[in-house]
K.L.:
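Take a look at the following structure, please.
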Amino acid sequence: MKNTYDFSWKDLGDLAEGRPNLGSETSVTVYRLMQFTFKDIFSKELGREKTCELFVKAGLLAGREFCRNVLNPALPFDEFVADLKTKLIDFKVGVLRVEQADLENLHFVLTVSEDLDCSGLPIFGETVCDYDEGFIAGIFKEYTGKDFTAKEVDCWATGDRTCRFEVKPIKV
Amino acid sequence: MDSTQALKAIGSCLALAMERGLGKNGLVFPVECKDAADDTCRNFCKNLEQIFAQMNETYRFAEALANGELKTEVSRSNIFAMPLKALQASLRHLTWQTNQVADGDLSQQVDFLGEFSLSFNHMIASLRDKESLEQRLKTITDVLGEGVYLVDTEGRLIFANPEAERLLGYSFQEMAGKMVFNTIHKQFADGTFFPPEGTQLVSAIHNGQVYNNDDCVFACKSGRLMPVSLACRPVITGGKLEGTVIAFHDITEQKKYQESLQTINALLEKQASTDALTGIYNRLEFSKLLTLEISRARRYQSSMTIIMFDIDKFKEINDAYGHQTGDSVLIDMARVVNANVRTTDIFARWGGEEFMVIAPGCALDQGIQLAEMLRLRVAQTTFSVPREVTASFGVAALRRDDTEISLTNRVDHALYQAKANGRNRVEAEDADA
Ligand SMILES: [Zn+2]
């Protein structure tokens, strides 16, 4: 067996064939169960900080793959955002809203409400959407070809009703 | 302070708030927690004090949102403010969306905001409809074989379609905002500039009138004056004059065609009225002119004489030298006589070798003198045949009760007399007969 694994969109399988009765959707509880148990085990093996870092990295990969396979990066920005919004609702990831879009400096402020990762969580006092941060940065990286950071500045888990992300290119 | 005292103080504070509202200072917690009698009371008071503080903060936050201050912040731990934060996020997003729409981004949709979503999405749908209508209109003006300008009420250009750009050679960018009166519409067809009071087109634009002109010129960028046919229609929105649409097309070809048509018509008219061989009037035109001259003589009560003449023994010339020679004798005859009648006289070929002269203003004796002079000139002329060519002349003057026919009959008779009396001579009608 190979020591590492390279993700491929094809590995997600043929759901029409595989789940003729249950379909392509599952419950958010199961999704969160998996994420939070991963978080539990990883943090005990690797520490909180490393775990967060890995979640962001995984989210980044997911965002890029999502952009490549689900979105159309050839669209102009306005249409791209409209499409992204629709797809995030279709896939029941969350309701994306843009608060600020500075196309010159590529600086964006986005909110995601009813977020898949955190909406309705008890208030922990810290943001929990590490995977989402990576996911959003990944989409922007794939769309613009530049490296981005997405920082969650507000989160349900910090007492906000919506998660707010500041997206900026990484200065090299 | 025991529990009962604390509850009373809190109770009256709340009652006041219920009666008067929160006021400038908000809810002020009336109990010093540290003075509470026991732990239970102290903890309760601490929690309630915090809740008071959160409610005050929420109130101020809601107030700020109500005033549209979307940047206002509220502490994270405030449990009452949570739905307001969601509202704040929605409003910030809507603000951005509205700006996007204003910049022409019609991909915006509002999701999950109830009635507001419906209204917003309805607005976007209407804007899209409007956009597609505009797009359709643009396509139409793009492909139209007619130049289209839109000017404001002052005459400043605000739109030009590709055909207008092509026709006059000015791009829209060059013309945008410029007065059409200083650029394309400033000269008459002969190149002279308009008077200061302008033209009908100028006043149609200023006053929003319908105006058509099939014979106008526009100045091209090259300086060329292009003949155009144009139609102006005012654009009125909400009862207010917004400007004028000027549709025009190049009529250079049409003009050329018209001019050539005029030339052809003039030529045809001339052909219909002249004798093809000699170039003088033919019999048809002579008849018309005779009628005209008779009525003119009657109107002015002036005299008028007609002369009819005939080339002597013309058949012999034809038989001996051929028709071509005969024709050239006819041509020479016409030339000689034409050179010797007055400009006011009318000279025509009557048919064969017979000719007619109308001499307006001449009484019979003057007509006889004219005929005698013509006879002499003819007899003196050398024609292109090796023999003498002469002519016989009949003269008749207009009488009170004459018709064209009676006058013509008398002159014909006089000519017959001249022939009978030996040719190369003038005979007048019998004035007394
Ligand atoms: Zn979150």
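Chain letters run A, B, ... following the sequence lines, proteins first, then strands; residues in each count from 1. Below, all heavy atoms of this structure are taken into account, side chains as well, without hydrogens, waters or symmetry copies.
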K.L.:
Between Trp96(B) and Arg97(A), does a side-chain contact (heavy atoms from CB on, under 4.5 Å) hold up when you go through it step by step?
P.N.:
CA-CA 9 Å; Trp96(B) 178 80; Arg97(A) 293 186 172 127; over 6 Å; no
K.L.:
Should the heavy atoms of other residues, nucleotides or ligands under 6.0 Å from CZ of Arg128(B) be counted, would the total exceed 12?
P.N.:
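Enclosed.
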K.L.:
Does CD belonging to Glu73(B) count more than 12 external heavy atoms closer than 6.0 Å?
P.N.:
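At most 12 heavy atoms, drawn from other residues, nucleotides or ligands, come within 6.0 Å of this atom.
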K.L.:
Quick check for you: to the nearest 0.5 Å, what is the distance between His93(B) atom NE2 and Gln100(A) atom CD?
P.N.:
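Going from NE2 on His93(B) over to CD on Gln100(A), the span is 13.5 Å.
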K.L.:
Give a yes or no on this: more than 12 heavy atoms of other residues, nucleotides or ligands lie within 6.0 Å of atom CD of Gln50(B).
P.N.:
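No - once you tally the heavy atoms of other residues, nucleotides and ligands closer than 6.0 Å, there are 12 at most.
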K.L.:
Phe112(B) versus Ile89(A): any side-chain heavy-atom pair under 4.5 Å?
P.N.:
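Of all side-chain heavy-atom pairs linking Ile89(A) with Phe112(B), at least one is under 4.5 Å.
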K.L.:
Taking everything shown except Lys46(B) itself, do over 12 heavy atoms lie less than 6.0 Å from its NZ?
P.N.:
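Atom NZ in Lys46(B) is not packed in, count stays at 12 or less.
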K.L.:
Given heavy-atom pairs under 4.5 angstrom as the criterion, report whether the side chain, backbone, both or neither of Val98(A) touches chain B.
P.N.:
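For Val98(A), backbone and side chain are both near chain B.
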K.L.:
Looking at chain B, which one of Val153(A), Thr162(A), Asp83(A) has the largest number of heavy-atom pairs inside 4.5 Å, strictly under?
P.N.:
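Of the options given, most contacts go to Val153(A).
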K.L.:
Quick check: are there more than 12 heavy atoms from other residues, nucleotides or ligands sitting under 6.0 Å from CZ of Phe80(B)?
P.N.:
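Result for CZ/Phe80(B): enclosed.
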K.L.:
Counting C-beta onward and ignoring hydrogens, is there a side-chain heavy-atom pair between Asp111(B) and Lys85(A) closer than 4.5 Å?
P.N.:
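A side-chain contact exists here, since the closest heavy-atom pair is under 4.5 Å.
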K.L.:
Looking at Arg161(A) and Pro83(B), what are the two nearest heavy atoms and their distance?
P.N.:
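Minimum heavy-atom separation between Arg161(A) and Pro83(B): CG-N, 3.9 Å.
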K.L.:
Arg76(B) and Asp160(A): which non-hydrogen atoms are nearest, and at how many Å?
P.N.:
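Looking at all heavy atoms of both residues, the shortest contact is NE-OD2, 3.3 Å.
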K.L.:
Any side-chain heavy-atom pair from Glu99(A) and Gln88(B) closer than 4.5 angstrom?
P.N.:
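With C-beta onward as the side chain, the pair stays apart.
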K.L.:
State, to 0.1 Å, how close Asp78(A) and Ser107(B) come at their nearest heavy-atom pair, and which atoms those are.
P.N.:
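Result for this residue pair: O-OG, 3.4 Å.
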K.L.:
Are any of the side-chain nitrogens in Asp154(A) or Lys85(B) under 4.0 Å away from the carboxylate oxygens of its partner?
P.N.:
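Between Lys85(B) and Asp154(A) there is no salt bridge, as every charged N stays at least 4.0 Å from the carboxylate O atoms.
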K.L.:
Which value, rounded to the nearest 0.5 Å, describes the distance between Thr86(A) atom OG1 and Gln109(B) atom CD?
P.N.:
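These two atoms lie 8.0 Å from each other.
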K.L.:
Can you tell which part of Thr158(A) gets under 4.5 Å to a heavy atom of chain B, answering side chain, backbone, both or neither?
P.N.:
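Both parts, heavy atoms under 4.5 Å.
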K.L.:
With a 6.0 Å cut-off (strictly less than), is the heavy-atom count around CD of Glu134(B), excluding the residue itself, greater than 12?
P.N.:
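Atom CD in Glu134(B) is crowded, with more than 12 foreign heavy atoms closer than 6.0 Å.
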K.L.:
Counting only heavy atoms not in Met55(B), do more than 12 sit closer than 6.0 Å to its CE atom?
P.N.:
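Check fails, neighbour count at 12 or below.
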